[in-house]
Amino acid sequence: MEPGESSIFPVDDALEMILIFDEMGEISYANEAARKGLEYDEDIYGNNISDIFPNEFRTGEDGFETDCPIGYELQNLVAYRKNFTCFPVKARIIESKTHPGKYICMADDTVEKEYLNREIIQAKQEAKEAQKVKTEFVANVTHELRTPVNGVLGNVRELICDEKDPKRSKSLWTISRCCEDMNKIIDNILDFSKLEAGKFTLEPRKFNTREMLDYVKSNHASKITEKGLEFFMTVSPQVPEYVIGDELRIEQILNNFLSNALKFTATGKVTVEVLKTAQVNDQIELFFIVIDSGIGIDKADKDKLFESFSQVDASISRKYGGTGLGLNICKQLVELMGGRVGVESEKGTGSAFSFSVWVGSCEEGAASSQTDALKMAAYTSASMSVLAGEEQENIKNYGTPENKEALKRNLSKLILCVEMENWEKAEMFMETIRQLAEGAPREVGRIILKLKMAVQKENYDKVSAGYEELKAFLQ
Ligand code: ADP
């Protein structure tokens with residue numbers, strides 16, 4: 001091939017720079033990308049490969065010399081333009097099989113790629129920082145909001161107890177309900193921001209499925225009676241009494257589906273069914289379905305239901321209220337638990353919302369004992385694996401890193417329960433904390449005693465203070 005005969009090559013259009021040179025290093029072909037990139041015209045022919053890659057190639061008497069391996073391996077080289085400026089490339093240099101003595105260099109300009117990579121890394125970093133700031137801000141604001149709301153709620157409840165006048169009593173109940181609604185919104189915002197930031201961790205522990213379902217039912221009893229709806233809850237006998245999972249979160253999803261069903265159903269009935277749908281080794285799939293005879297959802301709106309901030313239409317949100325975050329949070333939580341959400345609905349007839357979650361099985365199925373409480377503490381939030389015997393021992397011994405971690409974990413669960421006003425469960429975690437702190441110095445014992453009394457008295461402010469005190473100690 002004569003120099004300049006490049007156009008006969010189809011590779012002339014390739015985006016990669018292609019150079020062909022001989023044993024002496026003399027360039028006989030450069031495609032358009034190479035000529036452009038190296039800022040040559042036809043005058044590239046006759047130049048030597050050592051002019052392009054002077055760091056790696058030298059001209060010798062018998063031919064070119066190079067430290068660069070000839071083969072398919074990608075290498076980082078520095079290419080020089082005609083005006084002696086340079087830029088980094090990733091290149092392969094091979095010897096032609098069909099034309100021995102001819103070498104082909106295929107090189108990619110990495111300047112732009114490196115620049116883009118740097119931009120991407122920087123943009124990712126900035127997005128991460130912004131997300132962190134946002135999450136912290138939301139967490140702070142919601143926490144700050146919760147304190148006055150709970151303050152109002154606690155005082156209103158005390159006033160309700162003493163109030164004899166029915167009219168004033170009704171107003172106080174309204175205030176109390178408003179505070180509860182506000183707390184739900186605050187919880188939703190907090191959950192949503194944590195899920196969005198990927199900072200949400202599940203907290204699996206052993207729990208009684210029947211007790212959890214009874215509790216959910218009792219949460220909605222007054223609404224069912226108030227609306228005069230028929231209500232049925234059936235639990236398949238196959239559903240184990242005890243399982244290992246994040247009880248609070250499963251409860252939260254079911255509560256959301258059920259309160260929506262009750263909200264959007266004026267007459268008729270609401271049914272909840274719980275089934276065991278699969279088992280793989282010690283993992284069980286539980287399936288929950290909530291069916292109502294309410295307003296239903298249009299086919300076109302069904303797909304947007306689980307998106308964040310989505311409410312079917314403005315008139316619905318005006319009439320029924322809500323932030324439109326509930327179903328999106330449920331979907332994300334369900335997916336964290338390895339399950340899926342589903343909806344079947346017909347406008348004017350009713351809806352069936354379902355979800356599945358994977359939980360761990362408990363062979364013993366016995367009531368929670370002291371060892372169970374300690375075992376629960378040993379469950380990490382990320383995985384369901386039980387710690388080995390020796391590590392369990394470490395958890396029991398006050399002051400070990402494992403014990404500290406378990407204390408911190410249970411303390412967070414305690415405060416979560418208190419914030420959700422689930423005092424019964426808060427007492428359970430308090431008991432685990434007490435057991436974990438056996439043998440602790442007097443100072444810690446004193447804080448724990450104060451905390452325990454505050455939990456028993458359902459005093460939010462004192463629990464918060466005790467929580468902060470103990471947390472500071474553990475840190
Ligand atoms: P919010 O947090 O505001 O209650 P959700 O995310 O729980 O919102 O629900 C979003 C929207 O989905 C509701 O505003 C309503 O339009 C629709 N929806 C949810 N459940 C039902 C149901 N059982 N029947 C009819 N519409 C429903």
Side-chain angles (χ1 to χ4, degrees), residues 138 142 145-146 149 177-196 200 216-217 219-220 222-224 226-233 248-274 287-337 339-357 419-420:
V138 173
T142 42
L145 278 173
R146 217 193 298 261
V149 172
R177 254 208 303 272
C178 290
C179 288
E180 280 161 10
D181 288 348
M182 208 128 116
N183 264 336
K184 278 185 206 147
I185 296 171
I186 293 171
D187 286 341
N188 270 353
I189 296 173
L190 195 56
D191 283 350
F192 180 74
S193 75
K194 274 196 200 157
L195 284 161
E196 286 290 288
F200 197 96
V216 171
K217 200 157 76 178
N219 275 343
H220 301 276
S222 59
K223 190 96 196 160
I224 296 166
E226 194 185 297
K227 291 188 110 176
L229 295 169
E230 277 184 88
F231 180 78
F232 302 98
M233 182 182 271
L248 285 179
R249 296 305 173 179
I250 298 175
E251 205 177 284
Q252 178 181 349
I253 302 161
L254 192 56
N255 265 328
N256 200 310
F257 281 19
L258 192 50
S259 70
N260 276 350
L262 296 170
K263 184 154 121 181
F264 297 108
T265 307
T267 55
K269 68 176 180 194
V270 172
T271 318
V272 177
E273 252 186 85
V274 187
F287 180 81
F288 300 76
I289 181 159
V290 181
I291 307 167
D292 67 61
S293 59
I295 61 169
I297 300 149
D298 214 72
K299 228 176 174 172
D301 294 322
K302 245 170 52 179
D303 296 339
K304 357 181 249 204
L305 271 184
F306 291 96
E307 285 168 19
S308 42
F309 314 110
S310 148
Q311 284 180 318
V312 166
D313 65 42
S315 64
I316 286 188
S317 53
R318 265 199 307 278
K319 185 168 171 197
Y320 297 96
T323 53
L325 280 181
L327 289 181
N328 178 268
I329 293 171
C330 289
K331 180 172 180 268
Q332 296 198 56
L333 289 175
V334 163
E335 283 167 1
L336 273 182
M337 292 189 245
R340 283 199 302 183
V341 286
V343 56
E344 288 300 322
S345 187
E346 208 172 302
K347 188 113 182 127
T349 310
S351 317
F353 280 81
S354 61
F355 70 96
S356 57
V357 289
E419 277 165 354
M420 292 177 84

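Remember, it's 1-based here, ligands and their atoms both numbered in the order they're listed. Since the structure is predicted, the reported quantities are computational estimates derived from the model, not experimental observations.
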- Would you say N328 and ligand 1 have an N/O pair spaced under 3.5 Å apart? no
- Query: Is it the side chain (CB and beyond), the backbone, both or neither of L305 that lies under 4.0 Å from ligand 1, heavy atoms counted?
  - Reply: side chain
- Query: Who passes salt bridge (Lys or Arg N to Asp or Glu O under 4.0 Å) against E344, sequence neighbours left out?
  - Reply: none
- Quick one: look at D292 and ligand 1, take heavy-atom pairs under 4.0 Å, and tell me if it's side chain, backbone, both or neither. side chain
- Message: Between S345 (side chain only) and G296 (backbone N and O only), is there a donor and an acceptor less than 3.5 Å apart?
- Response: no
- Enumerated ligand 1 atoms positioned under 4.0 Å from heavy atoms of K263: 4 (O)
- Value for CD1 (I329) from CG (N256), rounded to nearest 0.5 Å, stands at 7.5 Å
- Message: Test of understanding: given a 4.0 Å heavy-atom threshold, classify the contact between I297 and ligand 1 as side chain, backbone, both, or neither.
- Response: side chain
- Item | Candidate with minimal heavy-atom separation from atom 24 (N) of ligand 1, of S293, S351, C330, G294 | S351
- Message: I'd like the name of whichever of L327, L262, V270, I185 reaches closest to atom 5 (P) of ligand 1 through any heavy atom.
- Response: L327
- Task: Could you tell me whether F257 approaches ligand 1 through its side chain, its backbone, both or neither, with non-hydrogen atoms closer than 4.0 Å?
- Result: neither
- Item | Q332 and its side-chain contact (heavy atoms from CB on, under 4.5 Å) partner, picked from F200, F306, F192 | F192
- Atoms of ligand 1, numbered as shown, that sit under 4.0 Å from any heavy atom of G326: 2 (O), 6 (O), 7 (O)
- Counting heavy atoms only, name the option from F264, F192, F306 that's nearest to atom 27 (C) of ligand 1. F264
- Less than 3.5 Å between some nitrogen or oxygen of I295 and one of ligand 1, yes or no? no
- Item | Residues K184 and E180 bridged, charged N to O under 4.0 Å | no
- Note on the structure: Sequence neighbours excluded, the answer for ring pair (Phe, Tyr, Trp, His ring centres under 6.0 Å) partners of F257 is F353, F355
- Message: Which of the numbered atoms in ligand 1 are under 4.0 angstrom from any heavy atom belonging to N256?
- Response: 7 (O)
- Has the side chain of K227 got a donor or acceptor atom that lies under 3.5 Å from a matching backbone atom of T265? yes
- State whether the side chain of D292 and the backbone N or O of G350 hold a donor-acceptor pair below 3.5 Å, judged by distance alone. no
